[in-house]
Each structure stands twice: as C-alpha cells, then as structure tokens.
Amino acid sequence: METYDPQAIETRWQKLWEDENAFHTPNAGPDAGNAYYVLEMLPYPSGTLHVGQVRNYTQGDVLTHFHRRHGKRVMRPMGFDSFGLNAENAAIRDGGHPRDIIRDNIKKIRVQMKRMGWAIDWDREVASHEPGYYRWTQWLFLQFLKAGQATRKEAPVKWCPKDQTVLANEQVIDGRCERCGTLVEAKMLEQWFFRYTTYADELLDEMELLESWPERVLAMQRNWIGRSEGAELLFRVDELDIDIPVFTTRADTVFGATFFVLAPEHPLVPKLVEGTAEESSVLDYVRRTAARSFAEREEKEKDGVFTGRHATNPANGEAIPIWVADYVLMEYGSGAIMAVPGHDERDYEFATKYDLPIPQVIAPVDGSEPELPYVAKSDEAKLVNSGQFSDLPAPEGEKQIVAWLGGQGRGQSAVSYRLRDWLLSRQRYWGCPIPVVHCPSCGIVPVPEDELPVLLPDIEDYAPRGKSPLESAEDWIRVPCPQCGAEARREADTMDTFVDSSWYFLRYCDPHNDTAPFERAAIDEWCPVDQYIGGIEHAVMHLLYARYFIKVLNDLGFVGFREPFSRLFNHGWVDMGGAKMSKSKGNVVSPDEIVSTYGADALRLNILFIGPADARVDWQATGLEGMSRFLRRLWRVALDVADQPAGEPSGELARKANETIVKVTDDIGRRFAYNTAIAAVMELVNEIAHDPSAPGARFAVETAVSLIQPAAPHVAEELWERLGHRRLWEEPWPTADAALLQRETFVLVVQVNGKVRDRLEVPADLPDEELVARAKESPKVQAHLNGGEIRQTIVVPRKLVNLVTA
RNA sequence: GCCGAAGUGGCGGAACUGGUAGACGCGCCGGACUCAAAAUCCGGUGGGGGCAACCUCGUGUGGGUUCGAGUCCCACCUUCGGCACCA
C-alpha cells in the first residue's frame with residue numbers, strides 16, 4: 001500500500017489552491033448576504049513565524065473552513081503591522097533600512113503561511129508601511145483633527161529613555177516600557193493626542209452591544225477606564241483670589257478635610273509660592289519629583305512640602321494649609337485633593353508624618369470606636385462632627401452635602417476616569433508621518449487631502465535622539481504653508497503603530513481602493529467582524545483603541561456600526577521552557593523543521609489538540625508523533641475502503657459516524673473545542689480500523705475525512721479525491737441523519753444508594769417501571785440491596801436507575 | 001488590597017445542562033510480526049486490597065445541599081493573569 005507522504009500531498013494541494021485562488025472571496029455588495037468575516041489580529045512581521053503564532057492562525061483557519069462549508073461567503077484576509085520600533089531597532093543594530101528588513105520578513109512569513117496551508121485571501125493583503133495604506137491612515141487622522149478628536153496639548157507624559165520616545169499609558173506596564181522593559185520617566189511635553197476620554201462612557205456602556213467577548217477582557221477594559229462617581233468641590237484661596245477644584249468620592253467627609261494637597265506638576269504651584277519664603281523649597285521639591293521615574297515615585301515613602309498658603313474648607317470655613325506632595329497625581333482628577341486623614345489611608349499616613357490634625361467625621365452606626373483611618377462608606381457608617389449633617393448615613397450625607405455646597409456654587413456631582421487620552425505621537429522614524437504643517441503665522445495647518453500621502457522620506461541616520469529623526473531631513477521638513485505659503489515646517493513626529501492597526505480590518509474590505517480608505521458599501525457588506533481571534537495581551541491597547549476609532553468613524557458617518565468586533569476569542573499562548581514563546585525571549589520553536597518532518601497537517605493537529613483553545617499550553621513536540629500516527633491510520637483505512645462500493649450509511653459504524661458529526665459540529669461551531677473535536681474523529685477512525693470491512697466502513701471513513709478537513713485540509717483533500725470525490729473544501733458540511741442516531745439499546749447504569757453497582761444493556765424503548773424491574777433483578781444489585789427495603793427510586797430516562805434504601 | 005480565571009492519573013487533557021470520573025493523545029508495561037530493529041498491530045495502565053469474581057479509596061482542603069457533587073453553596077489554601085498612591 002502507498003504510504004502517507006505529507007510533503008508530496010501538501011505541496012500538491014497548496015499549489016492547486018494558489019493556482020485557483022481558492023480562498024478569494026470577492027465583494028458582492030452589501031445585500032449579497034451570507035457574509036462572514038473571520039479575522040486574526042494583524043501580525044507584526046518580526047523575523048519568522050513560531051509555533052505560538054501558528055496556534056492563532058490555525059484556530060482561525062478551522063473556523064474559516066467550517067463556515068465556508070456551512071455556505072457562508074467567508075472573508076479571511078491577512079496583512080502586516082509593518083511600521084514600528086522592532087524593525088527600526090534591528091536596522092540600527094545591524095545596519096540596513098527598516099523597509100528592507102520588513103520586506104524580507106514579510107516575504108519569509110508569507111512563504112511560511114502558505115506552507116501551513118491556511119485558507120487566506122491573499123488578494124486582500126495589506127501592509128501598514130506601504131504608502132497606499134498609510135495615505136489613508138493620514139487621511140483618517142485629518143478627519144479626526146477636523147472633528148476635534150485629534151488635538152495637540154501639553155500634558156504629563158511617559159517617556160522611555162531607551163527607545164527615546166513618549167509612550168501611551170496603555171504601553172506602560174508596571175512603570176516600564178511595554179516594549180523594552182525600561183523604567184519610564186515623567187515629562188511635561190506638548191504632544192498629539194486622540195481625545196478618547198471623551199468616549200469613556202461609550203466605551204463602557206456599549207460593551208453591551210458585544211455579542212460574545214471573554215468576560216476577562218471586558219473586566220480589564222472596565223478596570224482600565226476606571227470610571228468613578230463623586231463630586232467636584234471648590235476650595236477658595238483668598239490670598240490669591242482663586243478657586244481650586246478637587247475631585248472626591250467622599251464628599252461626606254468634607255468636614256474632616258484638614259489640609260489640601262496639590263500635585264507637584266500642578267500649574268498653580270509656581271503662582272502660589274511666588275515671592276514667598278517657601279518658594280525655593282517648594283520649587284526644589286517639584287524639581288526633585290520630576291527627576292524620579294514613575295516606579296520610584298510610587299515605591300518611596302510619601303513626602304511633601306508646605307506652601308505657606310491656605311485654602312478655605314467650603315463646609316466649615318476653616319483655613320487649611322496647602323501642601324505640595326508627590327502622592328497626588330496631576331493626571332487624575334484635577335491634580336489636587338482635599339485631604340481627610342481620618343478617613344483615607346494615604347492622607348492618614350501623610351498627616352501622621354507631618355503632624356497634621358486627624359479629626360473623626362465618620363463613625364460606625366453601632367456606636368463602636370473605630371481605629372483611624374476609618375474608611376467605611378455604607379449605611380453602616382454615619383456622619384459625626386459635620387454640622388447639620390451629623391447622624392446622617394454616609395451615602396445620604398454625601399448626597400446632601402453635595403447639594404448644599406452646590407447651592408453655594410461650591411460643588412457638583414462629577415465623574416472621573418482613570419483613562420487618559422491616547423498619546424499618539426512618537427519621536428521615531430519608522431512610522432506613519434503625521435500630516436500637518438507648523439506655520440509661524442497660521443499655526444497648525446493640515447496637509448490638504450489631495451497632497452496625501454506625506455511620504456516618509458528616506459534618511460541615512462535615524463538613530464533616536466529624543467526628537468524625531470525626521471527633524472534632520474531638511475529637504476523634507478521645510479515646506480511652504482498650505483494656507484499662506486510662508487516658509488513652514490512639517491510635523492516631524494510619527495504615529496503610534498496602534499493607529500495603523502485601529503482600522504486595518506476596514507481596509508481589508510476594500511484593499512485596492514485608491515480614491516478613499518474604503519467604500520461604505522464594502523464595509524456594510526462585511527463589517528462588523530463576525531469572529532475576531534487574538535491574544536489577551538491586546539485587551540487594553542489594540543482592542544480599546546479600535547473600539548474608540550470605530551465609534552468616532554461611526555459618529556462621522558463613515559461606518560454604520562458602533563463596535564468593530566462582534567465576537568472575540570482569546571487564544572491562549574504557547575509556553576516554552578516555562579515562559580511565553582516569543583522572539584524577544586529567544587525560546588521560539590520554528591514550524592519549518594516540523595513541517596518538513598511531519599507535515600503541516602500533523603503540526604496543525606498537534607497545536608489544536610494540545611489543550612483547550614483559550615488556555616495557555618506548554619509546547620509539546622512529542623504530540624507530533626501521535627498526530628502523525630493518527631494521520632497514517634486514517635490514510636490506511638481510507639485506502640483500505642477506497643475500492644468498496646459507494647458509502648452507504650449502515651450498521652454500527654454509520655451510527656458512530658453520525659454521532660461524530662454531531663459532536664464535531666458542536667465542538668467547532670459553538671464551543672471552539674478543537675481538541676475534543678479531533679479526539680472524536682480519532683475515536684471514529686479507531687473504530688473503523690478495528691474492522692475496515694464492516695458495513696458502513698466506507699461511509700464512516702468519508703465522514704471522518706470530511707470532519708477532519710478544517711484541521712488537516714491537505715490529507716483530507718487527498719483522501720477525498722482517492723475516495724472518488726472532488727474539492728472537499730467546497731463540499732457542504734455533513735449533517736447527521738436523525739434516524740441513524742437512534743440506538744436500539746442503551747447501557748443502563750444501576751446505582752444502589754448513589755453508587756454504581758451494575759450496567760445493563762437494555763432495549764431503548766423500555767418504560768421506567770420496566771427499567772426499575774430489570775435493575776432489581778440484577779444479582780449484583782440484589783447483593784447490595786441485601787434484602788433491605790427500597791424507599792425511593794430515581795429514574796433518569798435512558799441513563800440510570802438509582803435504588804435508595806437508607 | 002481589589003477584580004478575574006483555574007486546581008482532575010506519570011504527563012497534556014476529557015467529563016458541555018448535577019447522573020458511568022479519567023474520553024482522546026503522550027509515556028510506560030506485556031505480547032504478535034522480525035535474524036534483529038524501526039514501523040505496524042493486539043492487550044494492559046488512578047491508589048490500596050484480593051488467585052479471582054469483586055471490594056474499597058479517589059477530582060486542592062474543610063464543611064454543606066442532594067437519591068446522587070469534579071460540576072451547586074459556604075469557608076479556606078495554592079497557582080496564574082489584570083488593576084493598584086486613581087482621591
């Protein structure tokens with residue numbers, strides 16, 4: 001018998017699919033129906049693929065085939081997130097140009113992807129570094145600018161000293177740069193931002209529109225947005241005739257506010273201390289704080305300095321000292337707080353250190369004496385020492401105090417968010433140029449849309465220096481102002497690559513359009529994405545940015561939906577040697593040798609079979625042997641039955657095959673349980689292999705081949721052909737025959753007092769009483785009944801009988 | 001500290017809605033084929049007891065609900081992930 005030769009088979013079918021453009025799904029208009037959009041997160045083309053990434057795309061591939069064979073017109077595109085620091089740093093390190101590095105990497109990865117046999121529509125390929133793509137990234141930026149969603153402002157920002165660029169908050173993990181792990185520093189800089197805080201409520205509330213997202217992703221996004229309800233109160237500084245707002249969630253404690261604290265970066269600090277005895281010590285403190293990294297600032301003991309100024313507590317009119325302290329953050333709330341040491345742990349710590357008064361204004365209702373700080377805020381706590389509000393429960397007290405202060409124009413309800421605006425500019429070379437011009441007289445002027453793209457110039461030296469390398473591209477940066485014609489300069493910063501990836505899934509719908517980023521009709525046909533697949537690492541970052549982008553585009557009328565990804569599946573990553581497999585950790589396993597040895601089908605099966613699709617798994621090369629063995633067994637039984645007459649479904653094997661259809665369909669279509677789907681097909685094949693000449697064997701083999709096709713498409717296609725058919729990838733998915741699923745008998749489990757004592761094969765249609773009678777007849781059961789009285793009988797139809805004596 | 005997920009054989013895991021715990025695979029043990037090996041095939045494989053039929057214990061720990069709990073409830077332990085000076 002001819003042996004299974006994965007290399008020959010895989011090469012043959014891959015060539016045929018490519019020649020036929022088999023997985024291209026052309027646009028058919030928004031009314032064509034049956035559209036289904038399967039999307040995996042845009043890969044970053046660093047080096048070559050490893051088996052961790054193979055997991056992601058193989059899962060998407062199974063779904064692609066599955067839905068195609070259910071009659072859907074499936075779009076399954078691929079592209080590359082090809083701007084970014086990785087290629088740029090590689091180029092600086094090894095010489096060469098990032099463009100060349102990226103081009104080579106993409107080429108290699110494309111070859112690898114084709115060798116895996118993934119059903120990708122290559123006609124839709126995009127790469128974010130190509131002018132044909134980033135022209136539209138720039139165009140979208142201009143729409144955001146027009147709409148007031150892109151803005152330039154000075155703000156406290158995070159700076160990575162190694163990468164020499166600012167970072168968005170989402171790109172700082174534990175105070176370190178998400179890319180390189182360097183401790184980030186605080187800087188006050190003027191930068192470009194997307195005002196996504198204006199969409200904070202929509203980003204929260206419209207989670208309800210999502211059909212199926214993992215709860216943990218939603219939790220992480222909620223956490224990240226960090227909405228908190230409270231009040232804004234105004235504290236007066238009489239000496240300077242100004243009011244300073246604070247945000248608080250504890251307006252009920254305002255009578256206990258005994259000092260006031262400003263963040264060191266607060267813009268009023270210099271004004272407050274100007275010309276006072278404290279001026280130099282305060283400014284010195286501000287400078288020292290600025291020099292610290294965020295992590296350092298967080299770890300050190302709280303400290304601060306008195307400004308010499310006082311504010312008036314709006315509740316009781318007392319003058320309270322104003323301090324500057326680094327435990328108050330400029331980027332949250334208003335950068336100033338009322339300090340209530342009796343009822344806040346941080347304020348308590350600070351007051352203790354500097355010997356400030358710590359009055360109690362909240363007490364337990366039960367009259368007990370709490371230890372301070374007492375932070376309870378519930379109906380179990382009531383106000384004390386709070387004037388006319390004393391004795392009110394804390395939540396009610398809060399309401400009344402806010403209303404009372406509101407009546408004097410000194411307070412109102414307010415909401416604050418942890419979320420900050422998305423800082424999008426980067427002081428680096430390899431990214432999308434921001435299409436604006438700085439004119440000395442007109443200010444910021446957008447580049448006219450018909451002049452896009454602003455091409456990224458070729459420059460010799462793009463090493464990071466803390467300002468954009470494009471600053472030194474003199475020919476490029478000097479440009480007449482589009483408005484007044486005066487000599488002006490281009491914006492030299494480039495965009496965060498997350499801007500590129502916030503709209504790529506729209507471009508896939510209309511990838512060759514050179515008059516617009518996309519036609520509305522193409523978007524309406526395919527979007528939102530039906531099934532998105534990617535790693536959890538983008539829970540906040542890409543997924544939040546893309547949601548924001550779509551909301552803005554929807555408000556501007558460019559798309560007709562609010563949420564880009566209806567269903568999200570987070571595949572688990574692959575560990576190797578105890579750590580997540582990744583290029584940067586140097587623990588990657590390449591698919592190339594595996595494909596050469598075992599074939600792509602065996603690798604695909606192994607990565608699907610290794611564990612639940614959403615769980616982290618350890619890479620196990622030993623499984624490849626098992627998968628290979630399974631494929632050889634399938635191959636053998638298929639050739640065995642190939643000369644049997646056409647596959648009539650009959651006998652026990654046909655029934656088993658039909659059960660397998662039900663199981664696999666549910667496992668893939670509803671549960672994303674590819675591992676158990678494969679196990680079910682293995683079971684079927686094992687059963688056939690026990691007696692390949694049994695009735696229904698050929699039908700069972702054809703079913704097994706058909707069901708394994710989404711996971712192992714090459715061998716399935718080859719065997720399908722050898723079984724006398726053609727083009728399995730276009731064949732409708734098998735449906736189970738209800739009549740064949742009927743069993744004539746079943747195994748009745750008999751329990752005595754809940755313990756299994758016997759198993760009886762009984763006719764399927766026996767009535768309950770008869771089942772009980774048979775159960776009682778069993779000698780094994782009688783031995784355990786031991787003549788005792790049966791007090792209760794439980795019958796689960798077609799499953800079990802439980803006889804209870806106790 | 002807060003939020004989320006998870007703890008099942010030697011290993012990866014299965015058991016979906018409370019109803020046969022350990023499917024499927026790896027590994028291991030025994031056997032067939034072979035001069036031998038590989039490949040392949042057959043059988044076995046949670047612990048303890050028994051010649052055996054069987055018995056008994058067993059899903060992180062301790063309780064509970066139930067005829068029946070890996071699954072539900074309460075408390076706890078451990079691991080992983082997220083957030084954390086956010087006022």
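All chains are named by letter (A, B, ...) in the order of the sequence lines, taking the proteins before the strands, and each is independently numbered beginning at 1.
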Colleague: Say whether Arg55(A) and His571(A), considering side chains only, have a donor N or O and an acceptor N or O under 3.5 Å apart.
Modeller: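 No, no side-chain donor-acceptor pair sits under 3.5 Å.
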Colleague: Considering Watson-Crick and G-U wobble pairs with both distances under 3.5 Å, what does U17(B) pair with?
Modeller: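 WC or wobble partner does not exist here.
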Colleague: Going by a 90° cut-off around 0, is G49(B) syn or anti?
Modeller: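 Anti conformation here, the glycosidic angle of G49(B) being more than 90° from 0.
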Colleague: Verify the contact: side-chain N or O of Arg757(A) to OP1 or OP2 of U56(B), cut-off strictly under 4.0 Å; return yes or no.
Modeller: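 Yes, such a contact exists.
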Colleague: Give the nucleotide from the list A87(B), A14(B), C83(B) with an atom nearest to the side chain of Pro612(A).
Modeller: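 Nearest to the side-chain atoms of Pro612(A), counting from C-beta on, is A14(B).
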Colleague: Would you indicate what His784(A) reaches in the nucleic acid, counting non-hydrogen atoms under 4.0 angstrom: base, sugar-phosphate, or nothing?
Modeller: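 It contacts sugar-phosphate atoms only.
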Colleague: Using heavy-atom distances to pick each residue's nearest nucleotide on RNA chain B, tell me which of Gly611(A) and Glu301(A) is more 5'.
Modeller: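 Result of the comparison: Gly611(A).
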Colleague: So Trp422(A) and Tyr545(A), would you call those rings parallel, tilted or perpendicular, with 30° and 60° as cut-offs?
Modeller: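 Correct class here is parallel.
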Colleague: Separation of Lys377(A) atom NZ from C2(B) atom P, in whole Å?
Modeller: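 Whole-Å distance recorded here is 18 Å.
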Colleague: Is Asn675(A) near enough to A14(B) that one of its side-chain N or O atoms lies under 4.0 angstrom from OP1 or OP2?
Modeller: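 Answer is yes, contact under 4.0 Å.
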Colleague: With a 4.5 Å limit on heavy-atom distance, are the side chains of Leu183(A) and Glu296(A) in contact?
Modeller: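 Sidechains of Glu296(A) and Leu183(A): no contact.
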Colleague: Under 4.0 Å, heavy atoms only, any strand: does Glu298(A) hit a base, just the sugar-phosphate, or nothing?
Modeller: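 Glu298(A): base contact, heavy atoms under 4.0 Å.
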Colleague: So which nucleotide does U66(B) pair with, by the Watson-Crick or G-U wobble rule with both distances under 3.5 Å?
Modeller: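 Here U66(B) is not engaged in any pair, so there is no nucleotide opposite it.
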Colleague: Grab the CG-P distance between Asn570(A) and A6(B) for me, whole Å please.
Modeller: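 Asn570(A) atom CG is separated from A6(B) atom P by 14 Å.
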Colleague: Mind checking the P distance from C28(B) to G18(B)? Whole angstroms is fine.
Modeller: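 That atom pair is separated by 40 Å.
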Colleague: Counting only Watson-Crick pairs (N1-N3 plus N6-O4 or O6-N4) and G-U wobbles (N1-O2, O6-N3), all under 3.5 Å, who is the partner of U34(B)?
Modeller: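 WC or wobble partner does not exist here.
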Colleague: When the P atoms of G19(B) and G25(B) are considered, how many whole Å apart are they?
Modeller: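 Roughly 25 Å separates the two P atoms.
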Colleague: Would you check if Arg671(A) and Thr676(A) make a side-chain contact, meaning some heavy-atom pair closer than 4.5 Å?
Modeller: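 Of all side-chain heavy-atom pairs linking Thr676(A) with Arg671(A), at least one is under 4.5 Å.
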Colleague: Please set out all donor-acceptor pairs under 3.5 angstrom arising from side-chain atoms of residues 792-801 of chain A, sequence neighbours excluded.
Modeller:
none

Colleague: Who does A5(B) pair with, Watson-Crick or G-U, both distances under 3.5 Å?
Modeller: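 Across all strands, the one nucleotide that pairs with A5(B) is U79(B).
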Colleague: Give me the distance, rounded to whole Å, that separates G60(B) from G12(B) when you measure between the P atoms they each carry.
Modeller: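 One P to the other, the span is 14 Å.
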Colleague: If the C1' atom of G62(B) is compared with that of A69(B), how far apart are they to the nearest Å?
Modeller: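 Result for the C1' pair: 16 Å, nearest Å.
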Colleague: Rounding to a whole Å, what distance do you find between Leu634(A):CG and C24(B):P?
Modeller: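 Result: 17 Å.
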Colleague: Establish, with yes or no, whether the OP1 or OP2 oxygen of G27(B) is under 4.0 angstrom from a side-chain nitrogen or oxygen of Arg629(A).
Modeller: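 For G27(B), OP1/OP2 do have a side-chain N/O of Arg629(A) under 4.0 Å.
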Colleague: For nucleotides C2(B) and C11(B), find the distance between their C1' atoms and express it as a whole number of Å.
Modeller: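 Nearest-Å result for C2(B) against C11(B) at atom C1': 36 Å.
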Colleague: Which one is paired to A53(B), where only Watson-Crick or G-U wobble pairs with both distances under 3.5 angstrom count?
Modeller: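 A53(B) is unpaired by these criteria.
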Colleague: Measuring from Glu659(A):CD to Thr703(A):OG1, what's the distance to the nearest 0.5 Å?
Modeller: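 The CD atom of Glu659(A) sits 12.5 Å away from the OG1 atom of Thr703(A).
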Colleague: Could you tell me whether the phosphate oxygens of A84(B), OP1 or OP2, come under 4.0 Å of any side-chain nitrogen or oxygen in Arg418(A)?
Modeller: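 Yes.
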Colleague: Indicate whether OP1 or OP2 belonging to G25(B) is found under 4.0 Å from a side-chain N or O atom of Asn686(A).
Modeller: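 Looking at the OP1 and OP2 atoms of G25(B), one of them is under 4.0 Å from a side-chain N or O of Asn686(A).
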Colleague: If we take the C1' atom in both C55(B) and G50(B), what is their distance in whole Å?
Modeller: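 Each nucleotide's C1' atom is 8 Å from the other's.
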Colleague: Starting from P on G68(B), measure out to CD on Gln792(A) and report it in whole angstrom.
Modeller: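 Spelled out: CD on Gln792(A) to P on G68(B) is 9 Å.
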Colleague: Calculate the interatomic distance between Glu178(A) atom CD and C83(B) atom P; express it in whole Å.
Modeller: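 Taking CD of Glu178(A) and P of C83(B), I get 11 Å after rounding.
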Colleague: So does Arg216(A) get a side-chain nitrogen or oxygen closer than 4.0 Å to the phosphate oxygens (OP1/OP2) of C80(B)?
Modeller: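 False: Arg216(A) side-chain N/O out of range (4.0 Å or more) of C80(B) OP1/OP2.
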Colleague: For Ser228(A), report the nucleic acid contact type (base, sugar-phosphate, nothing); a contact means any heavy atom under 4.0 Å.
Modeller: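 Answer is sugar-phosphate: Ser228(A) comes under 4.0 Å of backbone atoms only.
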Colleague: Please give, in whole Å, the distance from C55(B) P to Asp758(A) CG?
Modeller: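 From Asp758(A) CG to C55(B) P: 10 Å.
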Colleague: With no hydrogens and no angle check, just 3.5 Å: does a side-chain donor-acceptor pair link Asn686(A) and Arg633(A)?
Modeller: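 Yes, because at least one side-chain N or O of Asn686(A) sits under 3.5 Å from a partner of the opposite role on Arg633(A).
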Colleague: Parallel, tilted or perpendicular: which describes the rings of Trp323(A) and Phe350(A), with under 30° parallel and over 60° perpendicular?
Modeller: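 Taking Phe350(A) first and then Trp323(A), their aromatic rings stand perpendicular (interplane angle over 60°).
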Colleague: With rounding to the closest Å, how many angstrom separate the P atoms on U17(B) and G7(B)?
Modeller: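 Approximately 14 Å lies between the P atom of U17(B) and that of G7(B).
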Colleague: Using the C1' atoms only, state how far C85(B) lies from U79(B), rounded to an integer number of Å.
Modeller: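 It comes out at 28 Å once rounded to the nearest Å.
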Colleague: To the nearest angstrom, how far is Ile173(A) atom CD1 from G81(B) atom C1'?
Modeller: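 Roughly 12 Å, once rounded to whole Å.
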Colleague: Quick check for you: among U40(B), C24(B), A87(B), whose closest atom lies nearest to any side-chain atom of Val328(A)?
Modeller: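 For the Val328(A) side chain, the nearest candidate turns out to be A87(B).
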Colleague: With both distances under 3.5 angstrom, what nucleotide forms a Watson-Crick or G-U wobble pair with A87(B)?
Modeller: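 Paired with A87(B), as far as the under-3.5 Å criterion goes, is no nucleotide at all.
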Colleague: Using Watson-Crick or G-U wobble geometry with both distances below 3.5 Å, tell me the partner of U45(B), or none.
Modeller: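 Across all strands, the one nucleotide that pairs with U45(B) is G27(B).
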Colleague: Side chains of His784(A) and Ser778(A), heavy atoms from C-beta outward: is any pair under 4.5 Å?
Modeller: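 No, their side chains stay 4.5 Å or more apart.
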Colleague: Counting Watson-Crick and G-U wobble pairs only, both distances under 3.5 Å, name the nucleotide matched with G58(B), or none.
Modeller: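 Because no pair has both required distances under 3.5 Å, G58(B) counts as unpaired.
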Colleague: Does Ile610(A) reach a base, just sugar-phosphate, or nothing at all? Heavy atoms under 4.0 Å.
Modeller: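 Answer is sugar-phosphate: Ile610(A) comes under 4.0 Å of backbone atoms only.
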Colleague: Name the nucleic acid region contacted by Gly626(A), choosing base, sugar-phosphate or nothing; use a 4.0 angstrom heavy-atom cut-off, strictly under.
Modeller: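 Sugar-phosphate contact only.
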Colleague: Is the phosphate of C54(B) approached by Lys780(A) (side-chain N or O, under 4.0 Å from OP1 or OP2)?
Modeller: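 Indeed, a polar side-chain atom of Lys780(A) lies that close.
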Colleague: Let me spell it out: for each of Ala219(A) and Phe247(A), pick the nucleotide of RNA chain B with the closest heavy atom. Which residue's pick is nearer the 5' end?
Modeller: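 With Ala219(A) and Phe247(A) compared, the 5'-side residue is Ala219(A).
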Colleague: If you define the side chain from C-beta out and look only at heavy atoms, does anything of Leu631(A) sit under 4.5 Å from Tyr4(A)?
Modeller: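 Sidechains of Tyr4(A) and Leu631(A): in contact.
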Colleague: I'd like a table of atom pairs between the protein and nucleotides 15-21 of chain B - only N or O on both sides, under 3.5 Å - with the distance next to each one.
Modeller:
residue : atom : partner   : partner atom : Å
A15(B)  : OP1  : Arg671(A) : NH1          : 3.1
A15(B)  : OP1  : Arg671(A) : NH2          : 3.0
C16(B)  : O2   : Arg670(A) : NH2          : 2.5
C16(B)  : N4   : Lys663(A) : NZ           : 2.8
G19(B)  : N2   : Gln751(A) : OE1          : 3.2
U20(B)  : O2   : Arg759(A) : NE           : 2.5
U20(B)  : O2   : Arg759(A) : NH2          : 3.1

Colleague: Please determine which of Ile607(A), Ile610(A), Asp618(A) meets the side chain to side chain contact (heavy atoms under 4.5 Å, CB included) test together with Val574(A).
Modeller: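 That would be Ile607(A); it is the only one of Ile607(A), Ile610(A), Asp618(A) passing the side chain to side chain contact (heavy atoms under 4.5 Å, CB included) with Val574(A).
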Colleague: Can you tell me the distance, in whole Å, between the NE2 atom of His538(A) and the C1' atom of G82(B)?
Modeller: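 One finds 16 Å between C1' of G82(B) and NE2 of His538(A), rounded.
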Colleague: Is the phosphate of C42(B), meaning OP1 or OP2, less than 4.0 Å from a side-chain N or O of His690(A)?
Modeller: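 So the side chain of His690(A) is within the cut-off, an N or O lying under 4.0 Å from OP1 or OP2 of C42(B).
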